J.: 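Can you keep this structure in mind? I'll have questions shortly.
Because the structure is a prediction, the values reported are computed rather than measured. All values below were derived from every heavy atom in this structure, side-chain atoms included, with hydrogens, water molecules and symmetry-related copies excluded.
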Amino acid sequence: MTDTPATTDPIAEPVERDGTLPRWTVRRYSWKSVLSVAIVAVVLAIPMRALLRYQGPPMEEGFMLVFPERLLAGDMPHEDFLHLYGPGSLWALAAWYKLVGVSITAERVFGLAQLAGIVFGVMALVWPWGRRVATAAGILGVLLTTTAIGLTALAWDGAVALIVASVWVGLRARRWLTDTDDPPTPAARARSDRLLVWSGVLAGVALLFRPDAIVATGLATLGLMAGLGWGRWKRWLLGVVPVLSLYVVHLLLSGPSAAIRGMVIEPVFDLRGGRSLPRPPSWDTFDGALQKVALLRPQPWPLPSLESPAQAFVWFFLLPAATLFVVGVGWWRVRAEPTSWRPRVLLTVGLLGLGLMPQAVQRADTTHLAWVSCVTLAFLPAAICEVLERVRVPAIQRWAATLTVGIVALIPLVVIPHFTARTYLDLAKQSVNGKVFGYPVTYDDRTFYLGARDIAPVAQQMLEEIGPQIQPGEKLLVGTADLRKTPYSDAYLYYLLPDATPGTRYIEMDPGMANAPDSGLAEEVAASDWLILSHVWDAWDEPNDSRLNGSNEPNEVVARDFCLVDEYGVGDRTFFEVYRRKTADGECQPAPG
């Protein structure tokens, strides 16, 4: 029995019908289909004016600006600078920067493309359940992606977009083989084979971005390939294996020891102690330091809702429940109709969401929850509609799509509005009135946007006074004021001072790593020409090992080998201290001119 989609597939290729090809291969666009996609595109576009100038996370967005530029300068990830993931994202961004130049706008446009890939990829997977359900999924996807960490071009978003694309292409390959009452024609088999190869290529690129996405990729591939036979698997492997062989190039360039340490040892074993948060999250307070900062700018919300920390608590349980629901519905429907199309989509995407779950659990803050929910919760409308269409009540079956939209709307409006709808509406308002919550710091024709009104002008003053003194090629190390604790870094300063060479591999600073006794940070401090040490993160407080003091040796090197050039702050509060290395005879160097 063939499961007839609720609506004509708007993305199918035009094919001459000969009586044996499935009906879905005939392209029949309608204005309603175009309108559905256009609505989601408009919803995605509305906050873009704000998001392109919105505050950026100083470390995460900072290193996504700096790392690819260091790659273009000849530095290798893992060997020359700490990088906890695969090289794919850096290669892609480096190529993009080479083409259009290094700027925060270029980086955010790249990030937007990644988010759009997730939103419209999931929407395409939901399309067989009808335009209304797919539109609801697309809008929910926008609310989950754009509000997590803005347009920062992180490797995770790129990997998720690529896995979703791989799943969509792979499922279409399967459909050419199975969605017909007759044996597939040679033309259909050839088309399926080509699509399977491309599905493998996309999966391979996703794993180049984030090798830890292998669980999600593996489970999703098992779901879409189940029952197709070894011949089809070989086609998929023909796509994925050559792409993954690029890791051999990476190992040769960065060195096997450094690459394995950077992609396996450091993120799996060294990072967790200083980054993990309680599971489940606390009911009445945020555990993450950066989320506590978000409380300083609360926004009104007209509908009844829980307090923000309580919403995060509920979200932590909602996500796995939704994941198991999608997997369960998919399993149920595949067993009932093994050759049908929609059940296979349900099961495959459910398994994909299940494979993404470790990302949400490892650090249970709302950003990590959103990074998984953008697939699972955005696809949830399909599973709900599938169940409602099979309830033996004619009225529910008839109104299944409308009921689905109403049920799903409760998630961003009632359950977790502070992290979705409220934030989105705030961004939309900023886009309309132009009053964007981001304070620009500009130097050397480069701009970064900070979220603190008092820190931005101080950073601006510091750059204007210190920047001209730093000679091209001199080594600059940006760190915390007390280098015994390294919970975060102002990595954006490396981006704003491109003529300086980063004096440390810890452009990204993590507790338990940069401040470890054997990290080499003290030697890097000693070899640097300039230090910018930040007090901005002095109040960092999380219930993990970031509270512990590490080696004091870097501080001793600062006291022994460096002179304080100046302090920058407001009133009696200092934000930045700038140091310069002493001369060979131990004297402080005078300022140029």
Side-chain angles (χ1 to χ4, degrees), residues 39-62 64-65 103-113 115-116 119 139 141-154 286 289-303 305 307-308 311 366-367 370 412-413 416-443 445-464 490 492-493 495-496 536 568-571 573 575:
I39 288 172
V40 177
V42 169
V43 173
L44 178 61
I46 285 173
M48 285 305 116
R49 182 187 180 193
L51 284 172
L52 287 171
R53 296 188 291 121
Y54 197 66
Q55 64 162 329
M59 185 172 77
E60 290 83 357
E61 188 158 32
M64 293 314 292
L65 288 161
S103 70
I104 195 168
T105 300
E107 180 259 339
R108 291 186 176 186
V109 168
F110 192 96
L112 170 60
L115 299 187
V119 170
I139 293 174
V142 171
L143 298 181
L144 288 164
T145 55
T146 59
T147 58
I149 197 167
L151 300 181
T152 305
L154 294 175
F286 284 130
L290 295 179
Q291 287 212 292
K292 293 174 184 176
V293 175
L295 288 177
L296 301 177
R297 189 175 173 271
Q299 298 296 306
W301 181 247
L303 299 179
S305 62
E307 295 296 323
S308 296
Q311 290 182 36
T366 57
T367 299
L413 296 178
I416 51 172
H418 291 183
F419 310 107
T420 51
R422 185 179 74 168
T423 303
Y424 176 86
L425 290 176
D426 179 40
L427 291 168
K429 183 173 74 172
Q430 293 178 46
S431 290
V432 172
N433 62 28
K435 299 177 181 178
V436 180
F437 182 67
Y439 304 98
V441 180
T442 300
Y443 185 75
D445 294 326
R446 296 185 173 198
T447 298
F448 194 85
Y449 299 96
L450 297 179
R453 184 192 299 269
D454 53 348
I455 297 176
V458 173
Q460 184 71 53
Q461 178 190 359
M462 177 185 67
L463 290 168
E464 290 175 356
D490 291 296
Y492 70 93
L493 292 171
Y495 159 69
L496 295 176
V536 174
Y568 295 87
V570 176
R573 184 178 179 190
F575 293 135

J.: Could you give me the CA-CA distance, side-chain angles and deciding distance for Leu493 and Leu463, then say whether side-chain contact (heavy atoms from CB on, under 4.5 Å) is met?
T.: CA-CA 9 Å; Leu493 292 171; Leu463 290 168; 4.2 Å; yes
J.: Give the C-alpha distance, both sets of side-chain angles, the deciding distance and a yes or no for side-chain contact (heavy atoms from CB on, under 4.5 Å) between Arg446 and Ser103.
T.: CA-CA 7 Å; Arg446 296 185 173 198; Ser103 70; over 6 Å; no
J.: For the side chain of Tyr568 and the backbone of Gln460, is there at least one donor-acceptor N/O pair under 3.5 Å apart?
T.: no
J.: Restricting to non-hydrogen atoms, name the atom on Ala50 and the atom on Ser431 that form the minimum distance, rounded to 0.1 Å.
T.: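 Between these two residues, the closest heavy atoms are N-OG, 3.0 Å.
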J.: Between the side chain of Thr147 and the main-chain N/O of Phe419, is any donor-acceptor distance below 3.5 Å?
T.: yes
J.: Could you note down all residue pairs passing side chain to side chain donor-acceptor pair (under 3.5 Å) where residues 49-58 supplies at least one of them, sequence neighbours left out?
T.: none
J.: Using side-chain heavy atoms (C-beta onward) and a distance below 4.5 Å, is Asp454 in contact with Tyr439?
T.: no
J.: Any donor-acceptor pair under 3.5 Å linking the side chain of Asn433 with the backbone of Lys429?
T.: yes
J.: Is Pro412 close to Pro417 at the side-chain level, that is, under 4.5 Å between some pair of heavy atoms?
T.: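 When only atoms from C-beta onward are counted, Pro412 and Pro417 do not touch, as no gap falls below 4.5 Å.
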J.: Do you know which two heavy atoms are closest between Arg573 and Val536, and how far apart they sit?
T.: NH2-O, 4.5 Å
J.: Can you find a heavy atom in the side chain of Lys435 that is under 4.5 Å from one in the side chain of Gln430?
T.: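 SC-SC contact between Lys435 and Gln430 ruled out.
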J.: Under the 3.5 angstrom rule, does the side chain of Thr152 hit a backbone N or O of Ile149 as a donor-acceptor pair?
T.: yes
J.: Atom CD of residue position Glu464 - does it have more than 12 heavy atoms of other residues, nucleotides or ligands inside 6.0 Å?
T.: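 Yes - once you tally the heavy atoms of other residues, nucleotides and ligands closer than 6.0 Å, there are more than 12.
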J.: What's the separation between atom CG in Asp426 and atom OH in Tyr424, rounded to the nearest 0.5 Å?
T.: 12.0 Å
J.: Do you know which two heavy atoms are closest between Met64 and Ala153, and how far apart they sit?
T.: CE-O, 3.2 Å
J.: Look at the aromatic rings of Tyr492 and Phe448 and report parallel, tilted or perpendicular, splitting at 30° and 60°.
T.: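 If you compare the ring of Tyr492 with that of Phe448, the planes turn out parallel.
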J.: So, do Glu61 and Ile104 sit near enough that their side-chain heavy atoms are less than 4.5 Å apart?
T.: yes
J.: Rounded at 0.5 Å granularity, tell me how far CG in Leu425 sits from CD1 in Ile46.
T.: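 Reported to 0.5 Å precision, the distance equals 9.5 Å.
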J.: Does any non-hydrogen side-chain atom of Thr366 lie less than 4.5 Å from one of His418?
T.: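 The answer is no, as the side chains (C-beta and beyond) never meet within the 4.5 Å cut-off.
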J.: Write down the atom of Val570, the atom of Val458, and the distance for their closest heavy-atom approach.
T.: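 Looking at all heavy atoms of both residues, the shortest contact is CG2-CG2, 3.5 Å.
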J.: Does any part of the side chain of Thr447, heavy atoms only, come nearer than 4.5 Å to the side chain of Val441, both counted from C-beta?
T.: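 Side chain of Val441 against side chain of Thr447, heavy atoms only: no contact under 4.5 Å found.
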J.: Quick one, Leu115 and Val142 - any side-chain contact, counting heavy atoms below 4.5 Å?
T.: no
J.: With side chains defined as the heavy atoms from C-beta onward, is the minimum distance between Arg108 and Leu112 less than 4.5 Å?
T.: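 A side-chain contact under 4.5 Å is absent here.
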J.: For Ala116 and Leu44, which heavy atoms make the closest approach, and how far apart are they?
T.: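 Result for this residue pair: CB-CD2, 4.0 Å.
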J.: Got a second to check how far Ile416's CD1 is from Thr423's OG1, nearest 0.5 Å?
T.: 10.0 Å
J.: Can you name the ring-ring contact (aromatic ring centres under 6.0 Å, His included) partners of Tyr449, sequence neighbours left out?
T.: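 Once residues adjacent in sequence are excluded, Tyr449 has no partner under the ring-ring contact (aromatic ring centres under 6.0 Å, His included) criterion.
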J.: First locate atom CG of Leu51, then atom CG of Leu151, and finally report the distance between them rounded to the nearest 0.5 Å.
T.: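 Taking CG in Leu51 and CG in Leu151, the distance rounds to 4.5 Å.
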J.: Nearest 0.5 Å, what's the CG-CZ distance between Leu143 and Arg422?
T.: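 The CZ atom of Arg422 is 13.5 Å from CG of Leu143, to the nearest 0.5 Å.
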J.: Shortest non-hydrogen contact from Glu60 to Leu290?
T.: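 Closest heavy-atom pair between Glu60 and Leu290: OE2-CD1, 4.5 Å.
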